Protein chains: 2
Amino acid sequence: MFSNSAKYAIKAVLYLAVNSSEEHKIMIKDLAKPINVPRHYLAKLLQDLSKKHLVSSIKGPKGGFYLSAKNRKEKVIDIINAVDGEERMKACLLSLEGCNANNPCSLHHLIYDERQAILKNLNKTSLDHLAEHIKSGKSILPL
Amino acid sequence: MFSNSAKYAIKAVLYLAVNSSEEHKIMIKDLAKPINVPRHYLAKLLQDLSKKHLVSSIKGPKGGFYLSAKNRKEKVIDIINAVDGEERMKACLLSLEGCNANNPCSLHHLIYDERQAILKNLNKTSLDHLAEHIKSGKSILPL
DNA sequence: AAAAAAATATGACTTAAATCATATTTAAGA
DNA sequence: TCTTAAATATGATTTAAGTCATATTTTTTT
Ligand code: FES
Ligand code: FES
C-alpha cells in the first residue's frame with residue numbers, strides 16, 4: 001500500500017509533530033533512533049520533504065528539523081504523495097491503464113469503495129490531528 | 001497492496017478460469033501474451049501455484065495449464081496469499097509489530113475497518129464467481 | 001575571523017524483486 | 001522406441017528500492 005519510504009516519512013513527521021517546535025528543533029540523529037529508521041536514509045527523506053515545504057529545517061549549530069504551524073496543517077496524504085508520487089494511491093489494483101467505473105477490472109468491485117473511503121480519510125486528516133491523538137493516548141507512535 | 005507477482009498471478013488465473021478447461025489446456029506462451037506478463041516470469045509463478053494445487057498442469061505435448069473444478073472454487077485471497085505470503089495483507093500499515101485494536105498505530109483508525117472489509121471480500125469471492133462476472137460483461141480481464 | 005555543528009548534496013553500495021535463459025523431465029504421437 | 005512438445009527446475013542477469021558514506025554549505029558560538 002505504502003512504500004517503505006512513505007512509512008518512514010510518516011513516522012518521522014508524526015514524531016516531529018509530537019515532539020518538535022520552532023523553539024525545539026530535532027537533529028536527524030535524535031530522530032532516527034526513536035522511530036527506528038536508518039539515519040542516512042531518513043536524512044534523505046527529510047531533505048526531500050523539506051524542499052517540498054512539508055517539514056522545516058535550519059542548518060548549523062542549534063539547527064535541526066521541526067514542524068511549523070503551517071506544516072502541521074498538512075494532511076497525511078500530502079506526506080504520502082510527496083514520497084510515493086500522486087499515482088500510487090490512485091492506480092488500479094491490477095495496474096490496468098483505463099481503470100474506471102465504466103471499465104472495471106475484475107477486482108474493482110471487491111475493493112474500490114473501501115479504497116476510496118481510505119483515501120478520503122487520509123485526505124481529511126491533518127498531522128496536527130494525529131498528533132493530538134497520540135498525545136491523548138488514543139494511538140501510539142510506532143517504533 | 002499486492003506485489004507485482006500477485007497481480008500477474010491473479011490475471012493469469014482469471015484468464016485460465018475464463019478460457020481453459022481440462023479439455024482445453026493453455027500453454028504458457030499462449031497465456032503470457034494476452035495478459036501481458038513476461039513469459040518466463042509467468043512460468044515460474046504458475047509452477048509455484050501448481051505445486052500448491054491452485055492451478056492444474058500437464059506436461060508434454062497436448063499439455064498446458066488449466067483450472068480444475070476444484071481450482072475454480074478457490075478464493076481470490078488464496079492466490080494472493082500463495083504468492084505474497086499470509087502476512088502481507090494482514091500486517092500493520094506502518095509495519096509495527098504489535099498491531100491490534102488495543103495498541104493501534106497512528107494510521108490504524110483511518111484504515112483498519114476498510115481494510116478488513118476488503119479482506120472479507122477477497123475471502124468470500126471465488127475465481128468461478130469472478131469468471132462469471134467477466135463472461136457476463138460486468139468486469140473485464142485486464143491486459 | 002575561526003571553529004564547530006548542523007543540514008544539504010551527491011554518489012556508491014547492497015539487497016531484494018523482477019526478468020531472462022537454459023538444461024531437465026514427462027507425456028504424446030508417429 | 002524415437003522424436004517432439006510441453007511443463008519443471010535451477011540459476012544468472014537486470015533493475016529498482018533501500019541503505020550507507022563522504023564532501024559541501026550554512027549558521028552559531030567563541
Ligand atoms: S479497474 Fe482495477 S481497480 Fe478499478
Ligand atoms: S496498528 Fe498499524 S494498522 Fe493497526
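A quick note: this is a predicted structure, and the numbers were derived from the prediction, not measured. Letters go in sequence order (proteins before strands), and every chain restarts at 1.
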> Using OP1 and OP2 only, check whether a side-chain N or O of B:Ser5 sits under 4.0 Å from C:dA17.
no
> Within this structure, what is the CZ-to-P distance between A:Arg39 and D:dT22, rounded to whole angstrom?
12 Å
> Is it true that, when you exclude B:His129 itself, more than 12 heavy atoms of the residues, nucleotides or ligands shown sit nearer than 6.0 Å to its NE2?
no
> How close or far is atom P of C:dC20 from atom NZ of B:Lys29, stated in whole angstroms?
18 Å
> Tell me which nucleotide among D:dT29, D:dT8, D:dA6 gets nearest to the side chain of B:Gln47.
D:dT8
> Give the C-alpha distance, both sets of side-chain angles, the deciding distance and a yes or no for side chain to side chain contact (heavy atoms under 4.5 Å, CB included) between A:Lys11 and A:Tyr15.
CA-CA 6 Å; A:Lys11 294 208 282 183; A:Tyr15 188 91; over 6 Å; no
> Between C:dT19 and B:Tyr8, is there an OP1 or OP2 to side-chain N/O distance shorter than 4.0 Å?
yes
> Using a 4.0 Å cut-off on heavy atoms, which residues in residues 49-60 of chain B reach DNA chain C? List them by number, or say none.
B:Lys59, B:Gly60
> Can you tell me the distance, in whole Å, between the OH atom of A:Tyr41 and the C1' atom of D:dA16?
11 Å
> Find the distance A:Leu42:CG to D:dC20:C1' and express it as a whole number of Å.
13 Å
> For A:Ile26, report the nucleic acid contact type (base, sugar-phosphate, nothing); a contact means any heavy atom under 4.0 Å.
sugar-phosphate
> Where the side chain of B:Ser3 is concerned, which of C:dA18, C:dA28, D:dA7 is the nearest nucleotide?
C:dA18
> Measuring from atom CG of B:Leu107 to atom CG of A:Leu122, what distance do you get when rounded to the nearest 0.5 angstrom?
7.0 Å
> I'd like to know if B:Lys44 reaches the base of D:dT8 with its side chain such that a donor and an acceptor end up less than 3.5 angstrom apart.
no
> Grab the CE-P distance between B:Met27 and D:dA7 for me, whole Å please.
7 Å
> Measure from the side-chain heavy atoms of A:Pro38 and tell me the nearest of C:dT19, D:dT19, C:dA18.
D:dT19
> B:Asp48 has an atom CG; how far is it from atom C1' of D:dT10, in whole Å?
14 Å
> What is the distance, to the nearest angstrom, from the NZ atom on A:Lys25 to the P atom on C:dA6?
12 Å
> Can you tell me how the ring of A:His108 sits relative to the ring of A:Tyr112, calling it parallel under 30°, perpendicular over 60° and tilted otherwise?
parallel
> Tell me whether A:Leu130 is reachable from B:Ile111 by hopping between hydrophobic residues (I, L, V, M, F, W, Y) whose side-chain heavy atoms are closer than 4.5 Å.
yes
> Could you tell me whether the side chain of A:Ser20 and the main chain of A:Leu67 form a donor-acceptor pair under 3.5 Å?
yes
> For a quick check of understanding: with a heavy-atom distance under 4.0 Å over all strands, which category does B:Leu45 fall into, base, sugar-phosphate or nothing?
nothing
> When the nearest nucleotide of DNA chain C is assigned to B:Asn4 and to A:Ile28 on a heavy-atom basis, which residue is associated with the more 5' position?
A:Ile28
> Go through D:dA7, D:dT4, D:dA21 for me and flag the one nearest to the A:His40 side chain.
D:dA21
> Check every atom of C:dG29, C:dA7, D:dA9 against the side chain of A:Phe65 and return the nucleotide holding the closest atom.
C:dA7
> Cation-pi check, A:Lys25 to A:Tyr66: give yes when NZ or CZ is under 6.0 Å from the six-membered ring centre and within 45° of the ring axis, no otherwise.
yes
> Kindly compute the distance separating OH (A:Tyr41) from CD1 (A:Ile28), expressed to the nearest 0.5 Å.
13.0 Å
> When the distance from CG of B:Leu46 to P of D:dA9 is rounded to whole Å, what number comes out?
13 Å
